[in-house]
Amino acid sequence: MQRIARLATQAAGSRRGLGTSASSSSSSDDARVWSAQGRAPPIAALDAAGMELVRRRLGNALARGTPQHMQFKWSDSAGDAAVLMLLCTVDGRASVLFEERNNRLAAHGGEVCFAGGKADARDASLEHTALRETREELGLQGERICVLGRLPPVPNQARTLRVHMLVGAVAGHELDVRALPVNRAEVHRAFALPLDHFYDARRRELMRFRDTDVRIPTYASDKPGLRVWGLTAFLLYEALCRIGNAANDRPPTPRL
């Protein structure tokens, strides 16, 4: 099974605004990265208004087309994978659900990821892929999840897979993360971080992406030494930027 954690260090290209050269790196450059994300979570709760805001802003951002920093290349024979960034309510707070991979796995054991994997020939859609993988890995049934939007695809390093991230929500009730029947062969545990966690300067930092001058945000988790990084952090940051941008309340202006 192709998992998002196996792709965590494999995004190609760079994000305009994230990339800084060694000579231009400064606190002002860092400030631009965080200002794109916003100063505070755009929603306080996963109520009808909050979910509609997420749906509207993701949809309008996608309708504007793929921005330059996400115009990646892949092979003509590239397959597809889908992952799910799942919003949920934990202890009364809007949160994001993650997995910590089983640390006995040979590939990226013990790393943080979203639920997801490679599309199966039997999957009717990429949404079906993401929901199926979430059910198989976390035991969450698709009936409990409302899909709100998606991001443009991002390739793996070999450019043989297009990774599509969907954003969804478990709405209407609290989620008991510790009670989820996770697949122990793949998942060590599930955990959630509140949205405001990603806006706390003490819990985030920039790091060099692979062997480039691009710097991407990484975030602390709920466990010392365990960070949200790589492709998972790239996708999380992109989603937070789109959801936090009030300009995405308006649809794109039609071209004449």
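Other residues, nucleotides and ligands place no more than 12 heavy atoms under 6.0 Å from the CG atom of Asp91. Counting heavy atoms of neighbouring residues, nucleotides and ligands inside a 6.0 Å radius, atom CZ of Arg178 does not exceed 12 of them. Enclosure of atom CZ in Arg104 is not indicated, since only 12 or fewer non-hydrogen atoms of other residues, nucleotides or ligands lie within 6.0 angstrom.
A pairwise comparison of heavy atoms in Pro181 and Gly139 identifies CG-CA, 3.9 Å as the closest pair. Smallest separation of non-hydrogen atoms from Lys118 and Arg132: O-NH2, 3.4 Å. Considering every non-hydrogen atom in both Gly92 and Glu174, the closest pair reads N-OE2, 2.5 Å. The heavy-atom pair separating Cys113 from Thr232 by the smallest distance is CA-OG1, 3.7 Å. Here the closest non-hydrogen pair linking Arg227 and Val112 is O-CG2, 3.6 Å. In this structure, Arg57 and Arg242 approach most closely via the heavy-atom pair CB-O, 3.7 Å.
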- Message: One pair to check against salt bridge (Lys or Arg N to Asp or Glu O under 4.0 Å): Arg122 and Asp120. What are the steps and the verdict?
- Response: CA-CA 5 Å; Arg122 295 168 294 179; Asp120 189 284; 3.0 Å; yes
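Between Arg202 and Asp200 a salt bridge is recorded (basic side-chain N to carboxylate O distance below 4.0 Å). Residues Glu100 and Arg189 are paired through a salt bridge, judged by an N-O separation under 4.0 Å between the basic side chain and the carboxylate.
Listed by first and then second residue, the ring pair (Phe, Tyr, Trp, His ring centres under 6.0 Å) pairs that reach into residues 121-163 come to none, sequence neighbours excluded.
Aromatic ring pairs are classed by plane angle as parallel below 30°, tilted from 30° to 60° and perpendicular above 60°; the pair Phe198 and Tyr219 is perpendicular.
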